[in-house]
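Just below is one structure, and these are the notes that go with it.
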Amino acid sequence: MAVGTSSGRHAHLSAREVETVPADVTALRHVDQLDDEAFDQFRGLVDGDTVNVQPAEEAPFEDGEVIVHTAYYRVTLR
């Protein structure tokens, strides 16, 4: 999925657990819908890592997207 950042910039991905799916969420995917690379990045995010993607357009997540796993996780791109 493409992110709305300018070309050539990099993105820092992080994820945090949320209790419910916020009303403003525009993208929601189940962990089974992630490709292998996105799943590996997501596992790192859940473990507290920050994943860097260069360029930002190659980020496998949208800013604010919620991933359903054992809980709900909201992904942030900075």
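For the pair L45 and V51, the minimum side-chain heavy-atom distance is below 4.5 Å. Looking at F42 and V31, their side chains come closer than 4.5 Å, going by heavy atoms from C-beta outward. Inter-residue side-chain proximity for F39 and D32 is flagged as unmet; no heavy-atom pair is nearer than 4.5 Å. Side-chain contact between L28 and V21 is present, with at least one heavy-atom pair separated by less than 4.5 Å. Annotation: side chain of Q41 is in contact with side chain of L13 (closest heavy-atom distance under 4.5 Å). Annotation: side chain of L34 is not in contact with side chain of P60 (no heavy-atom distance under 4.5 Å).
Side-chain heavy atoms closer than 4.5 Å link hydrophobic residues (I, L, V, M, F, W, Y) into clusters, and following such links, even through other members, never connects V18 to V75.
A distance-only check finds a donor-acceptor pair linking the side chain of E65 to the backbone of E62 [under 3.5 Å]. At least one donor-acceptor pair closer than 3.5 Å links the side chain of D35 to the backbone N or O of E37. Using a distance-only test at 3.5 Å, with no hydrogens or angles considered, no donor-acceptor pair links the side chain of N52 to the main chain of H12.
To the nearest 0.5 angstrom, I67 atom CD1 is 5.0 Å from F61 atom CZ. Between H69 atom NE2 and R29 atom CZ the span is 14.0 Å, to the nearest 0.5 Å. Of the inter-residue distances, the one linking E19 atom CD with Y72 atom OH reads 10.5 Å to the nearest 0.5 angstrom.
Salt bridge status for R74 with D24: present, with a side-chain N to carboxylate O gap under 4.0 Å.
The number of heavy-atom neighbours closer than 6.0 Å to CG of D36, taken from other residues, nucleotides and ligands shown, is 12 or below. More than 12 heavy atoms of other residues, nucleotides or ligands shown are found within 6.0 angstrom of CZ on R78.
The two residues V53 and A59 make their nearest non-hydrogen contact at CG1-N, 3.6 Å.
Pairs of residues two or more places apart, or lying in two chains, never qualify as ring pair (Phe, Tyr, Trp, His ring centres under 6.0 Å) while including a residue from residues 13-38.
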